[in-house]
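As the structure is a computational prediction, the values presented were derived from the model and not from experiment.
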Amino acid sequence: MMVEDGNDFGDLQQQAEQLTAEMESGTDLPRVSRNLTQILEAGQRLLSKVAPISQDSTDVKASILLGTKGYDVPRIAQKLEGLSAAKSFEPLEPIRDTDIESFLRNERENALLAVIEQTRKNTFEETEKRHWECMESEWEREKQKILNSLRGLGQDTLDFQPESESFLADPVNMQGRSSLDNIEAAYARQVFQYNEQIVQGSVRPCLVDMFLDVAKKLDDKHVVDLWDMVKCMVEVPLVCTSSIGQTRSDYRTHIAFVDKARDYLETQYTKYITNTIYGNLQKAQLGGIPGTYNLVRSFLNVKPPSFRGLEDETVDGHPTWAMVYYCLRCGDLQAAQHVVDKAAHNVGDFTTFLQEYIANEDHRLSSSTETKIHLHYRRIVKNGTDPFKRAVYCVIGRCDYEENHSDIADKIDDYLWIKLSQIQLDPDPVSQDQFTLQKLQTMLFEDFGESYFSGYQQPYLYFQVLILTAQFEAAIEFMSRIDKLLCHSVHVALVLYELKMLMLSTSNQSQLLTKEATDEQPMRRLNFVRLITMYTRKFEATDSREALQYFYFLRDLRSGQGENLFMSCVSELVLETREPGAIDKFHGDTQKIIELVAKDTESKGLFEDAVRLYDLAKKQDKVLEILNKLISQVVSQSNSPQSSRDRLRNMAIGMAERYRSEGVEGNRSNTSTFFLLLDLLTFFDFYHAGNMDEGLTVIKQLQLLPLTADAVEQKVNSFRHYTDEVRRCLPDILLATMNILHHQYKNAKNTAPQSPITGLGSRSGDGGKETFLNFLRSQARALIMFAGMLPYRLPGDTNARLVQIEVLMN
């Protein structure tokens with residue numbers, strides 16, 4: 001068998017060599033030499049590409065891997081298959097006996113752990129919530145300061161045209177150290193006088209008249225006109241309702257606003273006609289007859305209408321409808337009636353319409369008359385060529401409010417007057433198509449807007465549009481975005497706020513102009529607090545007393561956290577300017593204000609300032625409490641001029657002397673701690689100055705530390721009653737006292753024997769030196785015992801240093 005096998009292998013070898021020879025001679029390809037392992041690996045790779053991985057191959061690999069470590073894979077597989085997860089948690093046999101005590105103990109522990117876990121979870125959640133609330137509040141305050149510094153300038157302010165820059169960027173006229181220019185200073189004086197009357201309880205002066213006086217002294221027609229408009233619009237009888245919003249949206253208030261706006265525009269137009277006439281007296285031929293009719297006739301002599309299509313009927317040589325229109329434009333209904341009467345044969349039923357219009361106090365036509373005039377307008381007048389006739393019919397009949405009458409209403413005053421005259425004042429309108437004040441406000445503010453009126457190029461004009469349509473908040477906000485007009489907008493807001501006509505934002509952190517979902521369209525709200533703080537930011541550092549006067553208007557307002565905004569602003573002002581005396585004039589609130597400022601100062605970590613403020617507020621307990629904390633931190637330091645310790649020491653001594661002379665007493669614990677800390681200041685002063693004997697005398701008098709073994713227990717018990725401020729100083733007191741004893745020990749040991757030291761027991765040949773040394777050692781041991789028995793954890797190295805010094809004395 002072995003021979004045959006050998007022959008077989010020989011034959012195989014011979015055949016292999018023959019194949020090799022044939023391969024080398026029959027091809028140009030290079031020869032590749034591989035051993036059996038390489039051939040096996042190549043075959044495995046080819047097999048993996050053409051054959052899917054089966055479970056068997058995976059098992060083989062696992063067997064090879066685990067088999068090298070001595071694991072029997074088939075046997076392990078059998079064991080794993082025999083396991084059942086469901087049975088592993090089932091008891092082998094039912095438990096008949098119940099350990100109630102263990103069960104209850106387990107339940108109690110579970111309940112405690114659950115409570116602890118829930119408490120921990122709630123604590124972390126509450127901590128995180130308060131942390132973010134604090135961060136958010138701090139950021140809101142910082143954001144408010146940034147926004148106030150930017151003066152509320154929005155994106156629209158970038159649209160200034162080059163030609164408007166000279167108007168908006170006039171140089172500020174600084175006077176001395178004050179940051180107020182002459183206009184702002186003039187307003188501030190009036191505000192001071194107004195508040196002075198309020199504080200003294202006198203009759204409240206008319207604030208709008210006071211500001212109007214300022215405008216007249218400025219010799220600026222635009223500013224005078226501005227305050228004339230404000231004065232006219234605020235002199236309306238307000239309806240008594242539960243809120244300013246209801247008052248402003250009441251139809252009776254709307255009637256009053258519309259009437260006042262029309263009165264202003266009619267008065268201004270009468271002045272314009274008069275000035276035109278007196279500028280051309282020869283051409284006007286005024287004559288000696290007073291009255292609006294004669295003024296209108298003379299005005300038309302100077303400026304006759306040049307429109308085509310005017311009707312031929314005339315009165316005193318002028319077109320009838322032009323005469324009627326100008327009489328109405330001046331607000332003189334009787335003069336208009338006079339014109340109509342003189343041309344009664346040419347105006348048809350209009351005489352009746354005008355008579356009814358004049359007869360009703362609110363200038364309201366009956367429904368039948370209104371129907372007639374509307375019908376006549378649509379059929380005849382609207383398609384006519386006389387613009388004055390169309391305007392007169394639209395004013396008297398309040399019809400066709402979409403007509404702009406651009407032929408004759410080429411100025412904003414005329415346009416506003418016609419639109420205001422067309423407003424339907426019925427409190428319960430039947431038709432939604434009626435023209436109301438809200439529709440006019442929406443059209444001017446939202447549809448047209450400040451770009452249509454070239455607001456930044458003509459700010460006074462756009463202000464007029466808004467103020468005469470009772471959009472006070474929008475008018476103020478617009479002017480506040482122009483630096484030159486900011487002071488005027490602030491004082492207009494003060495007038496409206498004092499008269500309870502200003503809609504205020506619900507949040508003091510909101511934008512300057514906001515809209516609430518519950519407000520009627522297009523009503524807006526003004527962030528009055530932000531406007532005031534934005535204005536005062538400019539000068540509060542140099543003119544803090546003037547800024548305080550403006551803050552006084554906030555005395556009845558509160559923040560979202562319920563804080564009085566006047567006090568909050570004053571607190572911040574005092575912190576920045578460090579002039580607490582500025583609040584003395586407000587006698588009723590001085591104490592509360594100072595206390596609030598002190599709290600804010602303390603919360604910001606300005607403890608020395610807080611001490612002075614609490615002292616002004618007569619809060620002696622807080623003074624002593626903060627001083628105790630401050631002194632305890634520096635009591636053991638060496639004193640040096642102008643150091644924090646020296647400053648605190650002088651402050652504390654001054655207050656202590658004053659409190660004693662005035663008989664002021666605070667909390668017993670705070671008072672005793674305060675005077676004990678003062679004595680410890682003296683002790684450490686002696687210690688650092690090298691006056692060891694005086695220092696030891698002071699510490700003995702304080703009776704804070706035991707210097708005999710018998711007194712240790714009693715001093716340990718007494719220590720429990722000291723405050724944390726005193727306990728915090730104890731390690732330094734112990735070390736200083738031990739160093740004093742060691743210093744005396746070295747001096748006594750290095751001193752030649754002298755006369756016996758009295759009071760130390762028996763005498764010896766060395767003059768009592770050894771007895772004195774033993775006495776010092778006993779005092780040191782008493783201090784070591786005291787430190788060891790204290791129910792207070794001393795710093796890690798304190799005990800070691802005490803023991804080290806005590807060892808040096810032995």
Side-chain angles (χ1 to χ4, degrees), residues 632 635-636 672-673 675-751 753-810:
S632 66
V635 65
S636 61
S672 60
T673 300
F675 285 106
L676 177 58
L677 290 172
L678 286 180
D679 291 333
L680 288 175
L681 283 172
T682 304
F683 164 71
F684 279 104
D685 285 343
F686 285 138
Y687 172 71
H688 290 296
N691 300 325
M692 302 301 181
D693 294 338
E694 290 85 350
L696 188 60
T697 301
V698 172
I699 208 67
K700 287 179 179 179
Q701 292 174 349
L702 294 178
Q703 298 182 358
L704 185 65
L705 302 177
L707 294 177
T708 62
D710 297 338
V712 171
E713 186 174 355
Q714 185 265 330
K715 295 301 180 184
V716 170
N717 294 330
S718 299
F719 178 78
R720 303 175 189 271
H721 303 294
Y722 290 116
T723 61
D724 289 339
E725 288 76 20
V726 177
R727 295 178 185 178
R728 199 176 294 120
C729 304
L730 185 66
D732 294 323
I733 298 172
L734 281 170
L735 288 172
T737 305
M738 186 67 82
N739 282 324
I740 290 175
L741 294 177
H742 181 239
H743 176 78
Q744 290 190 338
Y745 177 84
K746 290 194 299 182
N747 288 344
K749 193 171 184 179
N750 296 330
T751 303
Q754 296 177 359
S755 58
I757 301 175
T758 60
L760 299 179
S762 60
R763 301 180 182 183
S764 60
D766 58 2
K769 175 179 177 180
E770 189 61 31
T771 303
F772 181 62
L773 293 177
N774 290 333
F775 174 67
L776 293 176
R777 294 190 191 102
S778 67
Q779 290 181 322
R781 281 194 297 273
L783 293 180
I784 295 293
M785 292 173 60
F786 175 72
M789 294 175 63
L790 278 177
Y792 181 76
R793 187 170 183 177
L794 298 174
D797 63 335
T798 301
N799 285 320
R801 293 172 64 186
L802 289 173
V803 172
Q804 184 180 11
I805 297 173
E806 194 264 345
V807 169
L808 294 176
M809 297 173 65
N810 289 281

Side-chain donor-acceptor pairs under 3.5 Å in residues 772-785, sequence neighbours left out?
unit_1	atom_1	unit_2	atom_2	d
N774	OD1	R777	NH1	2.4
N774	ND2	E770	O	3.3
R777	NE	M809	O	2.7
R777	NH2	Y745	OH	3.2
S778	OG	F775	O	2.6

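Residue I699 holds its CD1 atom at 5.0 Å from CG of L705, rounded to the nearest 0.5 Å. Here CG of L696 is found 12.5 Å from OH of Y687. Values are rounded to the nearest 0.5 Å. In this structure, CZ on F683 lies 11.0 Å from SG on C729, to the nearest 0.5 angstrom. Put simply, CZ on F686 and CG on D693 are 11.0 Å apart, with the number rounded to the nearest 0.5 Å. In this structure, OG1 in T697 is found 11.0 Å from CG in L702, a value given to the nearest 0.5 Å.
Residues S632 and R728 share a closest heavy-atom pair of OG-NH1, 3.2 Å. When every heavy atom of I740 is checked against every heavy atom of G695, the shortest pair comes out as CD1-C, 4.3 Å. The two residues R727 and F719 have their closest heavy-atom pair at CG-CZ, 3.4 Å. Scanning all heavy atoms of the two residues, the minimum distance from V635 to L677 falls at CG2-O, 4.1 Å.
Remark: the S718 side chain and the Q714 side chain contain an N/O donor-acceptor pair separated by less than 3.5 Å.
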Walk me through it: do T723 and L676 pass the test side-chain contact (heavy atoms from CB on, under 4.5 Å)?
-> CA-CA 11 Å; T723 61; L676 177 58; over 6 Å; no
Mind running side-chain contact (heavy atoms from CB on, under 4.5 Å) on N691 and D685 for me, showing each step along the way?
-> CA-CA 8 Å; N691 300 325; D685 285 343; over 6 Å; no
Could you go step by step and tell me if H743 and N739 meet the side-chain hydrogen bond (donor to acceptor under 3.5 Å, both in side chains) rule?
-> CA-CA 6 Å; H743 176 78; N739 282 324; over 6 Å; no
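Annotation: side chain of F786 is not in contact with side chain of L802 (no heavy-atom distance under 4.5 Å).
Not one N or O on the side chain of K715 forms a donor-acceptor pair closer than 3.5 Å with the backbone of L707. A donor-acceptor pair under 3.5 Å is formed between the side chain of K769 and the backbone N or O of K749.
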